[in-house]
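Report on the following structure.
Each ligand, and each atom within it, is numbered from 1 in the order the structure gives. All figures in this text were calculated on a predicted structure; none of them were measured in a lab.
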Amino acid sequence: MQDEDALREVAKDCVHCGFCLPACPTYQLWAEEMDSPRGRIYLVNQILDGASLSATAATHFDRCLGCMACMTACPSGVQYDQLIEAARVWTEEARSPAAAADGPAATRTVRDRAARAAIFSLFPYPRRLRTLTAPLRAVQRTGLDRRLARSSLPDRVSPVLGAALRLAPPGVSAAAARRLPERVPALGTRRAVVGMLTGCVQSVFFPQVNAATARVLAAEGCDVIIPRGQGCCGALSLHSGREAEAADFARRTIALFEQAGVDAVVINSAGCGSAMKEYERLLARADGGWAERAAEMSGKVRDLAEFLAEMGPVARRHPLPVTAAYHDACHLAHAQRITRQPRDLLRAIPELTLVEVPDAGTCCGSAGVYNLLQPEAAGELGARKAESVRATGAPLLISANPGCSLQIASALAARGEHITVAHTAEVLDASIRGRPLWDRPLPP
Ligand code: SF4
Ligand code: SF4
C-alpha cells in the first residue's frame, strides 16, 4: 500500500528543470516529454491529485526502464525510484483483467498477459528455470535456435519468445553447474563471515560467477555461507509492480539469511542487491510486522565490489594482461551509486588496462525483464550499447549483472561480433588464482 502523502512530498522535490531528460534512455529514443522522468512525475502528480490512470499514462510507466539514470542526473535529489515503484503498482492493479471492466487503463492484451504470466511463473524459480536448460541446450546444439532467432517466426508467435531466443545464454558446463557447498572456509586468517545470494538467473545460467564469487571472498578471508533452499530475492517482482509477491520473496530471503548468522550478505547481481537494499522500505509498506527485520537485513546487504572495497583486499593478484571495458549496470551505478569500487578493484590487477565505455551511464536495455516485455526499445538500446562497447576496441567486457551480460552479448552477436563478457568476480578470481579466464586465453 503506497503512502500517498509521502509520495506527494517526493514529487514536490521536482522543480521541472529538465536536467534529467538527456540522461533518460526513453527520452533519448523518442524525445517525448511523457517518456521522460519529468513527464512521468507529472503523470504521477495527476494521479495523486485524483485522476484515474489512463491507458496512455500506463503505457508511459510501462516504457520506463527503471534504470534510475534520472536520479544520478537530478540536482534536486528527487527520489524517482519511489515514484516509479508506486506507478508500477498502480499500473499492475489497473491493468489486471479484474480491474479493466471499471477502469480507463486498458487491460493488457491476451498475448501480453500470457507473456507476463510465463515470465513471472518461471524466472523467479531457479528449479523451474533449470528444467528449461536441457531442451535449450538440445536446441542450441542443433543450431535451431540461431536459425529461429534469424527468422521472424518466433516474433510472429510472440515478441517475447523472439527476444528470449535471441537472449538465451550459451550452454553451461557440467563442472560450472556443480552445486556449491553450504560453507566455503576462509583461506588464511578469517576476517568475516558472509552470506552469499546465488540468485535465479545467475545460479542457473551463470553458476561459474557464483563459484568465482565464493572463491574470491574466501581468498579475501571470508567464511562464505551459501544457505540451501534459496529462491528469488524478489527483485523482478518488486521492479514490476508486483508488491505482494515481492514481499513474500523478501520475507523468505530474510528468514534464510537470519538463520545463517552472518556479518554481511554479499550480492553479485546488481538488480538483486538493489532490491535487497529496498527491503526496509518494501516491508515497511507491505508488512509492518517485518519492518525491523527488513531494516536489519537491508543494512547487511553489500554488493561484492562494495564489500571488497570496504574490507580492503589482501589476496595477491597475478597479472592479467588484457584490455577490458567496464560496463556500469544501472542498478549498481545509479540505484546503488557504486561506480568507483569495481573500477578500483579491476585497476589493481597487474597488467589489466581498464577502458571506459562511451555513454557509460545509459542503460543497455536489459533492465530486469524489460528486454522481454519491451523488445523493440530494448533492442535499439542494446544496439547502441554494442556500438559503444565496440568503439572501445577492448576484447573483454566486464559487467556485474547477468541481465546486462546477456543483453550486450546478444546485441553484439546480432552485429556478427563476439567479445568475451565476464563478471567482475570472474576477473578477480582469475587474477587471484593466476589462471586465464575460463581456462581460455584471451585475445591480446
Ligand atoms: S526530476 Fe530532477 S532533474 Fe528531472 S526535472 Fe525534476 S528536478 Fe529536474
Ligand atoms: S528510470 Fe530510466 S527510463 Fe525511467 S525515467 Fe528515469 S532515466 Fe528514464
Side-chain angles (χ1 to χ4, degrees), residues 6-48 53 56-92 235-236 238-241 270-271 273-275 277-278 281 327-339 359-385 388 401 403-404 407:
L7 291 174
R8 275 189 199 95
E9 284 304 309
V10 173
K12 254 180 23 198
D13 288 337
C14 176
V15 295
H16 319 295
C17 64
F19 281 14
C20 54
L21 269 61
C24 173
T26 56
Y27 188 76
Q28 288 173 19
L29 284 179
W30 303 307
E32 285 284 341
E33 176 70 16
M34 289 306 153
D35 284 315
S36 79
R38 184 172 64 187
R40 293 185 178 113
I41 293 170
Y42 173 81
L43 295 172
V44 166
N45 270 323
Q46 279 193 324
I47 292 158
L48 290 172
L53 180 74
T56 310
T59 297
H60 292 303
F61 291 143
D62 271 351
R63 284 183 188 162
C64 172
L65 292 130
C67 67
M68 309 307 165
C70 46
M71 287 178 63
T72 301
C74 175
S76 304
V78 174
Q79 299 297 297
Y80 177 83
D81 54 345
Q82 298 188 32
L83 303 177
I84 192 64
E85 260 172 37
R88 294 221 195 279
V89 173
W90 298 332
T91 304
E92 275 309 292
L236 290 182
L238 177 63
H239 298 145
S240 305
S274 156
K277 286 179 179 176
E278 282 183 60
R281 213 168 62 215
H327 165 70
D328 278 304
C330 294
H331 274 96
L332 203 56
H334 301 306
Q336 299 184 60
R337 302 293 167 99
I338 295 172
T339 52
D359 206 9
T362 302
C363 184
C364 64
S366 167
V369 290
Y370 189 91
N371 49 4
L372 296 176
L373 294 171
Q374 305 277 342
E376 264 186 50
E380 178 56 36
L381 291 170
R384 292 180 187 194
K385 186 60 77 178
S388 299
N401 196 53
C404 302
Q407 169 79 355

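If you check which protein heavy atom lies closest to atom 5 (S) of ligand 1, you get G18 N, 3.2 Å. In this structure, the protein non-hydrogen atom closest to atom 8 (Fe) of ligand 1 is C17 SG, 2.3 Å. Distance from atom 7 (S) of ligand 1 to its nearest protein heavy atom, with residue and atom name: V15 N, 3.3 Å. When hydrogens are left out, the protein atom nearest atom 2 (Fe) of ligand 1 is C74 SG, 2.4 Å; that is the closest non-hydrogen contact.
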Under 3.5 Å, which donor-acceptor pairs link side chains of residues 16-27 to any protein atom two or more places apart or in another chain?
residue	atom	partner	partner atom	Å
T26	OG1	D35	O	2.6
T26	OG1	R40	NH1	3.2
T26	OG1	R40	NH2	3.2

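Applying the side chain to side chain donor-acceptor pair (under 3.5 Å) criterion to E92, with sequence neighbours excluded, gives R108. For L236, the side-chain contact (heavy atoms from CB on, under 4.5 Å) criterion is met by F120, F123, V369, not counting sequence neighbours.
Side-chain N/O atoms of D359 and T362 include a donor and acceptor closer than 3.5 Å.
For ligand 1, the atoms sitting less than 4.0 Å from at least one non-hydrogen atom of S76 are 7 (S), numbered in the order shown with element in parentheses. Near G66, meaning under 4.0 Å from any of its heavy atoms, are these atoms of ligand 2: 1 (S), 4 (Fe). The distance from ligand 2 to the heavy atoms of M68 drops below 4.0 Å at these ligand atoms: 1 (S), 2 (Fe). Near P75, meaning under 4.0 Å from any of its heavy atoms, are these atoms of ligand 1: 3 (S).
A donor-acceptor distance shorter than 3.5 angstrom exists from the side chain of Y370 to the backbone of R63, with no hydrogens or angles considered. Put simply, the side chain of H239 gets close to the backbone of A235: a donor and an acceptor are under 3.5 Å apart. E376 contributes no side-chain N or O that, together with a main-chain N or O of Q374, makes up a donor-acceptor pair within less than 3.5 Å.
Around atom 8 (Fe) of ligand 2, protein N, O or S atoms at a distance under 2.8 Å total 1; waters are neither shown nor counted.
Within a 6.0 Å radius of CD in E33, more than 12 heavy atoms belonging to other residues, nucleotides or ligands are found.
Contact annotation: for I41 versus ligand 1, heavy atoms closer than 4.0 Å belong to the side chain alone.
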